[in-house]
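What's counted below: heavy atoms across the whole structure, side chains too, no hydrogens, waters or symmetry copies. For clarity, every value in this text was computed on a predicted model and none was experimentally measured.
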Amino acid sequence: MEITPKFSRLLHFSILFLSLFTFSTSTDFPICNTHDQTVLLKIRDHFGGPNGRLSDWDNNTNCCSDWNFVGCGTDGKEYGRVDTVTFSRSWGLSGTIPSDFGNLPFLSFFILADNIDVKGTIPKSLAKLKKLYHLDLGMNSLTGPIPEEIFKLKSLKVVDLSSNHLSGVIPSSVSALSSLSEFNVSHNKLTGSLPPLSKSLKSLDVSYNQLCGAIPSGLKRFSRGRFAHNKCLCGPPLAACK
């Protein structure tokens with residue numbers, strides 16, 4: 001077949017387009033930091049090993065592009081560092097939450113929710129996650145107290161620990177979280193009083209616990225249902241304290 005100049009140009013641009021497409025798709029994801037990948041493999045082994053629910057977490061692949069539930073930073077110092085772990089709800093994980101999560105220094109968005117067989121306590125090691133702003137451990141079977149250290153993470157904006165079996169008090173350190181916008185600890189076994197919360201709070205639910213005492217005045221803007229079914233909470237929007 002005779003190759004005309006027009007056909008030659010078309011072939012040239014086609015090859016150029018394909019090469020650019022291949023280059024762009026191959027560089028969409030950074031290479032996973034080796035430390036973070038090692039930590040994630042320990043977490044995989046904790047949840048059943050290479051043949052368990054996290055079987056695609058393979059040491060021979062890139063955790064930033066090939067592993068489910070994992071996301072990595074793409075700029076500056078966060079390039080290639082794991083900043084997101086969001087497990088699908090009802091994924092079938094079981095056992096305790098491994099303390100290794102605390103060894104992902106750039107983790108900022110963490111969801112491990114709606115896995116009824118995830119039990120044990122909330123690891124204090126999460127308090128090492130200085131960049132953490134979204135924490136969702138709701139709808140598991142967690143027990144024990146809420147670690148006070150977690151509420152010393154100044155970046156926290158969203159905290160959901162609802163529908164577990166948590167006990168003890170709501171740590172007073174939560175009052176210092178000036179950026180907190182969502183706080184849900186409903187459907188637990190929490191006792192004591194409700195501490196003051198940030199003025200920036202947009203969503204609150206402490207219902208179905210065993211809380212007692214006066215509701216802080218700054219929280220009266222929330223509906224009654226957000227405080228319902230506690231032992232003896234009182235004050236607006238509930239009945240007046242006696």
Hydrophobic cluster membership, Tyr208 vs Val185, 4.5 Å side-chain cutoff: no
Expected output: side-chain Arg44 to main-chain Ser55 donor-acceptor under 3.5 Å: no
Residues Asp136, Arg89; criterion salt bridge (Lys or Arg N to Asp or Glu O under 4.0 Å); working and verdict: CA-CA 11 Å; Asp136 184 355; Arg89 293 183 179 272; 3.0 Å; yes
Donor-acceptor contact present, side-chain Asp117 to main-chain Leu93, <3.5 Å: no
Heavy-atom check, side chain of Lys124 versus side chain of Pro147, under 4.5 Å: yes
Side-chain (Thr38) to main-chain (Thr34) donor-acceptor, under 3.5 angstrom: yes
Non-hydrogen side-chain atoms of Trp67 and Leu54 separated by less than 4.5 Å: no
Path from Val159 to Leu153 over hydrophobic side-chain contacts below 4.5 Å: yes
Verify same cluster id: Ile43, Leu41 (apolar side-chain graph, 4.5 Å): yes
Pair Thr61-Asp58, side-chain donor/acceptor within less than 3.5 Å: no
Any Leu211 side-chain heavy atom under 4.5 Å of Thr191 side chain: no
Donor-acceptor under 3.5 Å (Asp36 side chain, Asn33 main chain): no
Heavy-atom check, side chain of Asn184 versus side chain of Leu204, under 4.5 Å: no
Full working for side-chain hydrogen bond (donor to acceptor under 3.5 Å, both in side chains) between Thr84 and Thr86: CA-CA 6 Å; Thr84 303; Thr86 56; over 6 Å; no
From CG (Leu197) to OG (Ser178), nearest 0.5 Å: 12.5 Å
Hydrophobic cluster identity match, Ile170 and Leu219, side-chain contacts under 4.5 Å: yes
Residues Val158, Ser181; criterion side-chain contact (heavy atoms from CB on, under 4.5 Å); working and verdict: CA-CA 6 Å; Val158 176; Ser181 62; 4.2 Å; yes
Working for side-chain contact (heavy atoms from CB on, under 4.5 Å), residues Lys131 and Glu78: CA-CA 11 Å; Lys131 296 181 178 293; Glu78 297 186 7; 3.9 Å; yes
Pair Asp114-Ser90, side-chain donor/acceptor within less than 3.5 Å: yes
Heavy-atom pair of closest approach, residues Arg224 and Pro237: NH1-O, 3.0 Å
Least distance between heavy atoms, Pro196 atom then Ser175 atom: O-OG, 2.7 Å
Geometric class of the Phe101/Phe87 ring pair [parallel <30°, tilted 30-60°, perpendicular >60°]: perpendicular
Separation between CD1 of Ile215 and SG of Cys241, rounded to the nearest 0.5 Å: 7.5 Å
Atom pair CD (Glu182) and OG (Ser200), whose distance is rounded to the nearest 0.5 Å: 10.5 Å
Nearest atoms (heavy-atom pairs only) where Tyr79 meets Pro30: CZ-CB, 3.3 Å
Asn230 side chain to Leu233 backbone, donor-acceptor under 3.5 Å: no
pair Phe110-Leu137: side-chain heavy atoms closer than 4.5 Å: yes
Cysteine SG atoms at Cys72 and Cys32 closer than 2.5 Å: no
Single-linkage hydrophobic cluster Leu112~Leu132, side-chain heavy atoms < 4.5 angstrom: yes
From CA spacing to verdict: side-chain contact (heavy atoms from CB on, under 4.5 Å), Leu142, Leu161: CA-CA 9 Å; Leu142 301 174; Leu161 306 175; 5.9 Å; no
Atom of Arg221, atom of Lys199 and distance for their closest heavy-atom approach: NH2-O, 3.6 Å
Any side-chain heavy-atom pair of Val118 and Thr96 under 4.5 Å: no
Atom of Asn140, atom of Asn164 and distance for their closest heavy-atom approach: C-OD1, 2.9 Å
Backbone N/O of Ala228 and side chain of Ser207: donor-acceptor pair under 3.5 Å: no
Rounded distance (nearest 0.5 Å) linking atom CG of Leu135 with atom CG of Asp160: 8.5 Å
Mutual orientation of the aromatic rings belonging to His134 and Phe109 [parallel < 30°, tilted 30-60°, perpendicular > 60°]: parallel
Flag, side chain of Ser108 to backbone of Asp83, donor-acceptor distance under 3.5 Å: yes
Gap between atom CD1 of Ile150 and atom OG of Ser173 - 0.5 Å precision: 9.5 Å
Residues Lys128 and Asn103: side-chain donor-acceptor under 3.5 angstrom: yes
Rounded distance [0.5 Å steps], OG1 in Thr74 versus CZ in Arg81: 14.5 Å
Any donor-acceptor N or O pair under 3.5 Å, side chains His229, Ser186: no
Near-ring test Trp57/Phe69, centroid separation under 6.0 angstrom: no
Under 3.5 Å donor-acceptor, Ser141 side chain and Ile116 backbone: yes
Trace of the side-chain contact (heavy atoms from CB on, under 4.5 Å) decision for Leu166 with Ile122: CA-CA 9 Å; Leu166 299 172; Ile122 299 172; 4.1 Å; yes
Closest non-hydrogen atom pair between Ser198 and Ser179, with its separation: OG-N, 4.4 Å
Matching residue for Leu40 among Asp100, Asp45, Leu104, Asn59 - test: side-chain contact (heavy atoms from CB on, under 4.5 Å): Leu104
